[in-house]
Amino acid sequence: MSDKIMLKTEHLGITFGGLKAAQDINLNIKEKELYGLIGPNGAGKTTVFNMLTGVYKPTTGKFYLDGEDLTGKSEETINKKGIARTFQNIRLFNNMSVIRNVLVGLHNQPQFRCSPFESMLRFPRHFENEKAMRDKAKELLRIFGLEEERNNLACNLPYGKQRKLEIARALATNPKLLLLDEPAAGMNPNETEELMETVRKIRDEFNMTILLIEHDLKFVSGLCDEITVLNFGTVLAQGTAEEALNNPEVVKAYIGN
Amino acid sequence: MTSCFEKIKNGFVGYFGNIKRGFKPKYYINYAVITLFLIINIISQPKTSTTTLLANIGIAIILAVSLNLVVGFLGELSLGHAGFMCIGAYIGTFISNQIFNTIGSKVVVLILTMIIGGLVAAIFGYIVGFSALRLKGDYLAIVTLAFGEIVRNICMNIPAFGGAIGLKNPHRYGNNLYIVAFVMVLVMLILIQNLIRSKHGRAITAIRDNEIAARAMGINVTYYKLFAFVLSAFFAGVAGVLYGSFNSIIKYGDFSFNKSIEILVMVVLGGMGSINGSIIAAALITFINTFLQNKLPGDLSALRLLVYALILMVVVIFNNAPALSKYKDKYSLSALYKKIYAKITDKLYAKHPDKKQAIIKDDSASWSSIPTKIKMDEVLSTDINTSETLPGGNENDIDTEGKRDE
């Protein structure tokens, strides 16, 4: 972990009418850090993710990726600048094969640029790009152990592999920051264990900064370097996993008095 | 000079070398079948009634495949395809009436009018798409439907287009226009299939499968929606020009809502997202239509519209009823195709069985290869207490979804 700050949010907040869904969120995520975002149901975790990926436009505050202000940019632009995400309910391209899902992720890479007309008339560049893209996609699938299934339809994969494919697809966009929205939801303990390994491997092999939402506290405390606890749209506690989880406010929010 | 020549030569060698390297017989079979069909027809020198039918089939194929790009691959329902065809037909015929005497060459005029007609339709496609593609599902269908009706009513009211009587078109291209129609079918197939089988085609199908995820992957959704829509409108315009060139009079009634539905029926019948299916369905429906028109006496010919409905019902039931799935596996066109393909590859790769394996495997998913190996002991050992994380997940989900829809 270096001291360079990858994602910085300043007083980030959003209101829907009178509802303050998220307020005054300040995060400082360092490069190569595993950062956790937890909180009870309806605390505004996914709302924060949606702001960071451009689905919602924040009403107050700003956020910076690697020093660059990305507040209010569109989803496409933010993805091109280097934030990729997975979804809470899996959103794969179900009627496409596994390798095509990853190839869609590679779509915007500058080295594979090629206009539609070049593809329609089959210029040499089209073939070169296709081959390079396929090799890259196969490499990514190999890392996630999905190479054998690459020609199956994505919807026919078992649940755990669909999760992995979603992460592989997000990594194909070559992000600086990866947002994982409840990656362990619906997984059994064995799968969760395996996922922890995978997430660590991603951090080390891709030099990735990762921000994740999770309800499984064992998963979070075992994995994350630092966590932030949200409740009713505001920050309840910040710090290392042990500090934050032993905070009396957090205990109160989760268990009650 | 020599370097320039060598550059071109290298370019050509590289171009065809690349095509050879990525060669999959499956992808090129429709070109071969259509070319063969066209050659047989040219050699046999058909009667006038047959050439009319052939030209209509060619036009129907162009319309169906171009609509399939929007409905089947992009996943947006458009009911205004006849409107784009109308623009192409009127503009093309009008221009060819104006410039025919100054230019004089049939082929030049035809190509010129096809390009202009297509481009004007594409411009209208851009205008409609730019404003309407923000809408989804039924609303887009209603707007495109209105567009089709507006266009044909405007065309009826322009005096230069002949008003309600229709735009007269001296039948100057002769009976061999069906050859042009089929050459255009081939050109369109090459362009659209190449587009679909490239990264841009993947982006378009990704938008169909999950627009939110496509956006999150950095795909410019607006650009690709407009691109597919405009390309589809362009080919509809070209088909309209061909239709106009073949008929001696163009009436605004030819481009009614029924025409749009007829094209949509072809797409649905052939299978959304299947180009070969659209080709077969377009040819079949046009053939049945003409056949019944000739055979049924007088007023009974209106009954042919009933046949569409019957065919559609039978096909939908045959494809979806679980009780018929046994027969579907045995007697469907894709089963027949698979059988023929297997026989051909058996012969082609008799000496290298390993190569044959590679070709069959390197294809998109087939239903028979679904991974069904669920490890039962793992399922049974799942900690039931983990279910407490699930309701939270669902609740948050509804939250996200609801807000997006607003």
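First the proteins, then the strands, lettered A, B, ... as listed; each starts at 1.
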Which atoms form the tightest heavy-atom contact between [X] and [Y], and what is the distance?
X      : Y      : result
A/F112 : B/K199 : O-NZ, 2.8 Å
B/D209 : A/F93  : OD2-C, 3.4 Å
A/H126 : B/R197 : CE1-O, 3.9 Å
A/R91  : B/A213 : O-CB, 3.4 Å
B/N194 : A/S119 : CB-O, 3.6 Å
A/H107 : B/Y224 : NE2-OH, 3.0 Å

Measuring heavy-atom distances to chain B, does A/T173 have an atom under 4.5 Å in its side chain, in its backbone, in both, or in neither?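 For A/T173, the contact with chain B is made by the side chain alone.
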So which of B/A206, B/G201, B/A203 has the biggest tally of heavy-atom pairs under 4.5 Å with chain A?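 That would be B/A206.
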Top contributor to chain A contacts, counting heavy-atom pairs under 4.5 Å, from B/V221, B/N220, B/I196, B/N210: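 Option with the top pair count is B/N210.
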Are A/N95 and B/T205 packed together at the side-chain level, in the sense that at least one heavy-atom pair is separated by less than 4.5 angstrom?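 No, every pair of side-chain atoms sits at 4.5 Å or beyond.
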Pairwise side-chain contact, A/S74 with B/R215, heavy-atom cut-off 4.5 Å (strictly under):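 No, every pair of side-chain atoms sits at 4.5 Å or beyond.
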Sorted by first residue and then second, give each salt bridge (Lys or Arg N to Asp or Glu O under 4.0 Å) pair with at least one member in residues 102-120 of chain A; sequence neighbours left out.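 Counting only pairs at least two positions apart or across chains, the salt bridge (Lys or Arg N to Asp or Glu O under 4.0 Å) contacts touching residues 102-120 of chain A are A/E118-A/R125.
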Residues of residues 231-239 of chain B near chain A, each having a heavy atom less than 4.5 Å away: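 Those residues of residues 231-239 of chain B which have a heavy atom under 4.5 Å from chain A are B/L231.
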